[in-house]
Amino acid sequence: MSMNSMGAHSAMRSLTRDPAVKDMRLKPGTVKRIWSFAKPFKLYLLIFLVMIIVDSLLTVASPLLLKNLIDKGVIPHNGRIVTQMALIVGAIAIADTSVSLVSRWFSSRIGEGLIYEMRTQVFSHIQKQSIAFFTRTQTGALISRINSDVIGAQNAFTNTLSGVLSNILTLTLVAAAMATLSWQITLASLLLLPLFLIPTKWVGKKIQSLTLASFNLNAEMASTMTERFNVSGALLVSLYGEPAKEREGFRAKARRVADIGIHTAMLNRIFFMSITTIAALATAFAYGIGGHLAISGAITVGSLLAITTLLARLYGPLTSLSNVRVDVMTALVSFERVFEVLDLEPMVRDRDAAKAITVARPSIEFDHVQFSYPKSTEISLASLELAAKAEMVDSGVVLEDVSFYCEPGSFTAIVGPSGAGKSTISGLLPRLYDVTKGSIKVAGEDIRDLTLASLRHEIGVVTQDSHMFHDTIDANLRYAKSDATLAEIEAACRAAQIWNFIESLPNGLDTVVGERGHRLSGGEKQRLAIARLLLKAPSIVILDEATAHLDSENEALVQEALEVALEGRTSIVIAHRLSTVQKADQILVLEAGRIVERGTHEELVTRGGLYFDLYQRQVLGTAQ
């Protein structure tokens with residue numbers, strides 16, 4: 001590939017970038033943080049930069065040797081000089097190839113090393129975020145930070161840095177060599193530079209708008225496919241959607257992307273043809289001036305050929321550097337977008353002196369707990385949300401002055417109408433959120449003084465829609481205990497009333513459950529979730545509407561499995577069906593975020609309050 005073509009390709013990449021980025025202001029200390037990532041690779045960077053310098057020198061060496069080949073070898077008919085020059089040019093070609101390979105190796109080591117470090121840091125940091133963060137964040141935007149922005153940051157070193165330095169060095173050396181050979185031709189060549197910038201600016205404005213439109217349309221199509229091509233989305237489209245309308249909508253976007261692609265391809269061709277034509281005209285212009293100078297004896301024929309060869313290596317770097325500010329700022333902004341995620345502090349985190357739980361059968365105490373859900377500005381980034389708008393209203397107080405005590409190994413039930421705050425309690429105990437006021441104690445210790453790892457290790461949760469990864473039954477069970485033996489898995493599954501079902505499957509434990517466990521029935525998935533809980537063997541169990549959506553047959557099986565799961569463990573069971581909590585040691589009745597009644601089933605029925613009303617409705621509903 002010629003130097004003109006390489007410069008045109010480099011300039012073309014720059015033109016697809018958003019020009020507005022050059023006006024963005026970086027946060028103080030951004031460059032220093034970038035260097036902190038590059039510091040482990042400083043030796044590689046140094047060698048890489050040396051290779052760039054050597055490559056730039058070799059770019060100028062060949063044309064200068066061509067001058068000697070003509071002036072001292074060909075014209076004087078000196079075969080020895082011709083042979084020497086030819087051998088040196090061949091050696092330079094081999095050296096240039098070697099330098100390119102070495103440079104590429106170091107570039108890859110630096111680039112892939114940066115991607116590895118940044119991706120692992122971002123992934124680890126995101127894992128530390130509270131559940132509130134994930135309720136606000138758009139998954140696609142988050143994945144883009146780990147993929148696209150990290151790669152954009154990597155390009156700062158492997159492409160932008162090397163490209164800018166290489167182009168500046170090559171431009172300086174080529175211009176200096178040309179000026180030494182003939183200042184007249186050099187000056188005339190530089191006067192032609194505006195002709196190269198005209199197609200760059202004209203095509204650039206059109207390419208940038210088309211690229212932005214293409215990115216947006218592709219993002220919309222990706223979002224559509226992500227939402228439709230999963231089990232839940234496909235089911236919704238099948239039952240409620242209009243497939244023909246879906247196809248037409250997608251087809252319209254795809255057609256628009258195709259049209260943009262054709263338009264962009266033609267603009268690319270126009271751009272490359274314009275640059276090539278202008279370079280050819282510039283070369284012809286140089287031949288014309290240089291030819292007359294050679295005839296007059298002002299320069300030698302060798303100098304003329306060397307200058308025209310160097311000229312082909314002058315406009316490439318000039319064209320590439322025309323958009324250098326956009327290139328540099330694009331790379332730096334990618335770093336800043338990654339840092340934006342890394343700087344987002346988790347709402348829930350360990351205190352400096354946090355300690356582990358040491359009690360085998362802990363008690364649970366809620367002490368005047370008040371809770372309001374955090375605002376979006378406290379938990380997420382506007383750039384990671386689909387619609388970054390200020391909240392119209394906040395959640396208000398969800399729990400107000402909630403106090404209760406669970407004895408070690410006891411069974412506490414929480415009931416109440418929808419929206420009373422029952423599930424919020426189940427999220428506060430494992431510190432998915434932190435209380436706004438008051439405290440929650442486990443084994444007499446404020447849970448904020450305990451390490452998150454030890455607290456969550458002691459808590460097992462089964463919700464009404466237990467999540468399963470798109471993996472085997474074995475892998476989903478081992479998520480609770482990776483080193484579990486087959487005997488332990490079998491024992492947990494038998495206790496959860498699911499082992500007979502697993503044995504009946506052709507692939508047994510190696511059966512893939514499908515996305516979110518959709519290949520399993522509701523009851524099978526719940527019993528598998530209970531088996532996972534039993535495998536974890538926590539000292540505290542939270543059941544949040546674990547039998548809410550099951551039929552009577554599956555509910556009986558799950559209820560039998562739950563009795564095994566609750567035995568000997570401090571348990572909090574949130575239930576809609578009151579028949580499942582009649583054996584509880586205490587029942588808490590929640591209404592509008594407050595505990596309005598408490599006692600055993602018999603005591604609450606006798607009092608005739610809200611619990612009695614809920615119980616009567618269910619008894620009457622069952623009778624009917």
Side-chain angles (χ1 to χ4, degrees), residues 1-14 17 21 26 29-62 91-122 147-177 313-314 316-339:
M1 184 182 290
S2 69
M3 291 302 294
N4 284 326
S5 185
M6 288 175 65
H9 277 287
S10 178
M12 202 71 237
R13 284 197 304 268
S14 296
R17 291 168 182 162
V21 75
L26 295 175
T30 297
V31 176
K32 187 177 180 180
R33 290 186 70 179
I34 291 172
W35 174 243
S36 69
F37 275 96
K39 201 171 181 180
F41 308 98
K42 60 183 178 182
L43 178 60
Y44 287 169
L45 271 171
L46 179 62
I47 298 172
F48 180 51
L49 296 177
V50 169
M51 291 298 104
I52 291 172
I53 295 170
V54 172
D55 188 58
S56 299
L57 291 170
L58 292 175
T59 299
V60 179
S62 294
I92 287 176
I94 294 172
D96 191 37
T97 301
S98 301
V99 167
S100 295
L101 288 173
V102 172
S103 178
R104 182 57 184 162
W105 187 86
F106 280 103
S107 169
S108 299
R109 288 299 299 262
I110 295 165
E112 295 306 319
L114 280 169
I115 288 177
Y116 169 76
E117 291 293 337
M118 296 189 78
R119 273 186 180 160
T120 52
Q121 282 198 33
V122 172
N147 292 330
S148 302
D149 287 324
V150 167
I151 291 173
Q154 171 235 4
N155 284 335
F157 288 97
T158 56
N159 290 334
T160 305
L161 175 65
S162 61
V164 170
L165 183 60
S166 176
N167 287 326
I168 290 174
L169 279 172
T170 301
L171 180 62
T172 303
L173 291 171
V174 168
R313 307 181 186 197
L314 176 70
L318 279 172
T319 307
S320 297
L321 289 171
S322 65
N323 218 31
V324 65
R325 189 178 177 190
V326 173
D327 292 343
V328 172
M329 286 302 297
T330 298
L332 294 179
V333 166
S334 291
F335 266 109
E336 196 162 75
R337 282 166 60 83
V338 172
F339 294 153

Please report, to 0.1 Å, the donor-acceptor pairs under 3.5 Å made by any side chain of residues 37-58, with sequence neighbours excluded.
residue	atom	partner	partner atom	Å
Ser56	OG	Ile52	O	3.0
Ser56	OG	Thr170	OG1	3.4

query = Is there a donor-acceptor pair closer than 3.5 Å between any side-chain N or O of Arg313 and the backbone N or O of Val174?
reply = no

Return all side-chain donor-acceptor pairs below 3.5 angstrom for residues 98-114, not counting sequence neighbours, or 'none' if the list is empty.
residue	atom	partner	partner atom	Å
Ser98	OG	Ile94	O	3.0
Ser100	OG	Asp96	O	2.9
Ser108	OG	Arg104	O	2.9

ask   = How long is the span from the OG1 atom in Thr172 to the CG atom in Asn167, to the nearest 0.5 Å?
value = 10.5 Å

